[in-house]
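In this text the structure is predicted, and so the values were computed from the model without any measurement.
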Amino acid sequence: PTEAAIYQAGTYTSTVKGHNGDMTVEVVFDNMSILSVTILEHVESAGISDLALERIPQEVVGGQTLSADVVSGATISSLAILTAIEDCVIQAGGDVDTLKTAESPDNGESGEITLNTDMVVIGAGGAGLAAAAAAYQNGMEVIVLEKLATIGGSTSYSGGGISATGTKFQIELGIEDTKESWMELWKERQGASNPDGLYPNYDFVDRFMDEAVVTTEWLVDYIGHEYGSITGFGMDPVERIHFPVPVTGSPGGSVLTSNIGEFLLGNGIEILTETKATELMTDSNGDVVGVVAEGRNGIIKIYAKKVILATGGYARSEELLARFIPEAADTAALTTAAPGSTGDGMLMAEAIGATYYEEPWVIGVGIGSKVAAANAFAWDWSKMYVNEKGERFTNEQIHYAILTNVLIEQETTWLIIDSAEANENVITALEADLSSPEIAKGETFEELAQAMGVPSETFVQTMEAYNAGVAAGQDA
C-alpha cells in the first residue's frame, strides 16, 4: 500500500453473535475505501431482520461510515452487523473512531411536513393493518404509522391462527362447532385464571365471537388471505383455529400481516415505517384531530377525521410493567411481544386525559428465561416447577396463559430436569452457562436444593412425592 493508504486491501471476515445465533460478515477493502459488505451466514428471524441485513451494509459502504442507523425493531441484529464490520476494519488496519464519527448518507430533506387524511392508524400490527383495510373498504383515505422498520407487530410473531366458530370454512370441512361451546371454554379458562377480576364483559365477548366469524371470512373474501388448516392447539382440541397457508421460514402470523400489508400497499395506502407517533393533537374542545410523529427525516403532523390507536401493549416496557403489574416486573426481556410493545399509545392517550381500565391484565404465553438454552422448555409439560420454598405449586399440564399467571405469583420459579437422554443437548448448553444465577446443578436432591437456595428437606419431599406419582400414574 501507498503511504496514504487507509486500509490494508483485502477480504476480511468476522463472526459475531446475532439475535438468534452466529452471524458471519465479509468486508472487502481497497487501500482507500470499504468496497462491499456481505452477510455470509446468519440465523436471524426472517422479516424482522431483513431490512437491517440489507440497509446497514448499504449505508456503511455508501457513507464510508460505522455510524449507520440501527434499524428499529432489529436492534440486536443491527448492532451485530456493525460489530462484525468494525472487527473487519480493525483487521484491515483502519481507524474505527474516524469511521464512527463519519456521518451516514443523507436520508433526504429534513424538517416538518403536514399531511391531511380521513383516518390515521397508529401501529401496523394485525389490528392496525386490518383497521386500515376496513377503512379503505368503506371509502376512507388512510395513512398508517409504524415506529419499527417492519410491519406486523406482535401478530407477526404468532402462529397467525384466528379462532372463530361456525365459519363457512369449518362447514366446508364438516367441522361442527358452536359459539356456546367456545363461550363455555372461555369461562372455564377465565375461572382458572382470574376468577375475581372485573373483566371480561361477556356481552362484549359474545359480540366479539360474532365478529370473529365476519373477520375470518372477510380476510379471505376481501383481503385475499388463505387458510391452510383449521385445528385445535395445545389444551384446546376443538378445530376452530384458522391457520394460514404456511410459508417456509415465516411464522404464520407474519404470513397473515404480510398479506394484509400487501393488500394495503397494492391499493395505494401509505404505510410510514420508522415513524413513531409521539403526540395526539387536540382542538379547543379536547377532540383528537390528528397526530404528531417523528420520521427518519423529521417531524410529521397528520390531521385526520379519525385516529385509531393500535399500538399494542406494554410488555416491552419495564417502567409500565412495574407501574401496572408489579408481579411481572423485570420480565420485559422474556416477552414474546414485538419490540414496539412499549405502551406508546396508552401514554399518548393518558397525556390528553384518557383513563385506563380499572384492572391491568397480562396475557401469558408460558415460561421464559434469561438463559437462552432454557427456553427450549417454554412449552414442555413434562417438566416440573418448584418455587422458592422448594414446593411444587401446580400441575404443569395447564393452559400456557394460566401458567404465566401462576408463575408470577411465586417469588422464584425453578424448572427441574434430570439427566435423561432426551435432555442431553439442552443440558450441554446449560452447563456452558453454569455461572448464571438462574442455573443450578446437583448430583442429588440435597445438592440441587442447596444450589437452588431452597429448603432441602421440603425439596426432597417434593421430589419424592412427584416421583411416586409418576410411578403410580397419578398426579401427587
Point to revise | Any side-chain heavy-atom pair of Leu320 and Leu347 under 4.5 Å | key: yes
Exercise for review: Fit a plane to each ring of Tyr222 and Trp218, take the angle between them on a 0 to 90° scale, and name the class: parallel (under 30°), tilted (30 to 60°) or perpendicular (over 60°).
Suggested key: parallel
Revision key, fill the gap. Note: Gln410 and Val406 closest approach over all heavy atoms is NE2-O, 3.2 Å
Review point. Going by the ring pair (Phe, Tyr, Trp, His ring centres under 6.0 Å) test, which pairs reach into residues 11-56, not counting sequence neighbours?
Key: Tyr7-Phe29, Tyr12-Phe29
**Study point:** Residue pairs, two or more places apart or on separate chains, that pass ring pair (Phe, Tyr, Trp, His ring centres under 6.0 Å) and touch residues 63-91
**Key:** none
**Study point:** Close side-chain approach of Glu396 and Met384, heavy atoms under 4.5 Å
**Key:** yes
Review point. Considering residues at least two apart in sequence or located in another chain, which fulfil the salt bridge (charged side-chain N to carboxylate O under 4.0 Å, His left out) criterion with Asp118?
Key: Lys305
**Study point:** Side chain proximity check, Val16 to Val25, heavy atoms < 4.5 angstrom
**Key:** no
Point to revise | Close side-chain approach of Met452 to Ile416, heavy-atom, < 4.5 Å | key: yes
Check your understanding: By salt bridge (charged side-chain N to carboxylate O under 4.0 Å, His left out), which residues pair with Asp30, not counting sequence neighbours?
Key -> none
**Study point:** Pairing residues for Glu438 by the salt bridge (charged side-chain N to carboxylate O under 4.0 Å, His left out) criterion, not counting sequence neighbours
**Key:** none
Point to revise | Check: Lys383 and Asn423 side chains under 4.5 Å, non-hydrogen atoms | key: yes
Practice item. Keeping to residues at least two apart or across chains, list the salt bridge (charged side-chain N to carboxylate O under 4.0 Å, His left out) pairs with something in residues 251-268. Key: none
Review point. Of all heavy-atom pairs between Asn387 and Trp414, which one has the smallest distance, and what is that distance?
Key: O-CD1, 4.4 Å
Review point. Should the heavy atoms of other residues, nucleotides or ligands under 6.0 Å from CD of Gln137 be counted, would the total exceed 12?
Key: yes
Revision key, fill the gap. Contacts satisfying salt bridge (charged side-chain N to carboxylate O under 4.0 Å, His left out) that involve residues 423-435 (not counting sequence neighbours) are Glu431-Lys441
Exercise for review: Grab the two heavy atoms, one from Gly345 and one from Leu309, that are nearest each other, plus how far apart they are.
Suggested key: O-CD1, 3.8 Å
Exercise for review: Indicate yes or no: at least one non-hydrogen side-chain atom of Thr15 is less than 4.5 angstrom from one of Leu40.
Suggested key: no
Review point. Could you walk me through whether Asn20 and Ser45 pass the side-chain hydrogen bond (donor to acceptor under 3.5 Å, both in side chains) check?
Key: CA-CA 7 Å; Asn20 297 337; Ser45 302; 3.0 Å; yes
Review point. Can you pull the side-chain hydrogen bond (donor to acceptor under 3.5 Å, both in side chains) pairs that have at least one residue in residues 335-353, sequence neighbours excluded?
Key: Lys147-Thr342, Lys147-Asp344, Ser154-Ser341, Arg323-Glu350, Thr342-Asp344, Glu350-Tyr356
Check your understanding: Partners of Asp221 by salt bridge (charged side-chain N to carboxylate O under 4.0 Å, His left out), sequence neighbours excluded?
Key -> Lys168
Point to revise | side chain to side chain donor-acceptor pair (under 3.5 Å) against Glu26, all qualifying residues, sequence neighbours excluded | key: none
Check your understanding: With sequence neighbours left out, which residue pairs that include part of residues 241-254 fulfil the side-chain hydrogen bond (donor to acceptor under 3.5 Å, both in side chains) condition?
Key -> Thr167-His242
Check your understanding: Residues in side chain to side chain donor-acceptor pair (under 3.5 Å) with Asn267, at least two apart?
Key -> Tyr136
Practice item. Using a cut-off of 6.0 Å, state whether more than 12 heavy atoms not belonging to Gln450 lie near its atom CD. Key: no
Review point. Does any non-hydrogen side-chain atom of Ile302 lie less than 4.5 Å from one of Leu145?
Key: yes
Review point. Taking all atoms of both residues into account, what is the closest heavy-atom pair of Ala52 and Pro57, and its distance?
Key: O-CD, 3.6 Å
Review point. Which atom pair, heavy atoms only, marks the closest approach of Ala132 to Val144?
Key: CB-CG2, 3.6 Å
Practice item. Search all heavy atoms of Ile162 against all heavy atoms of Thr216 and return the closest pair with its distance. Key: CG2-OG1, 3.5 Å
Exercise for review: Starting from the C-alpha separation in whole Å, work towards a yes-or-no answer on side-chain hydrogen bond (donor to acceptor under 3.5 Å, both in side chains) for Gln91 and Asp87.
Suggested key: CA-CA 6 Å; Gln91 293 179 51; Asp87 182 47; 3.1 Å; yes
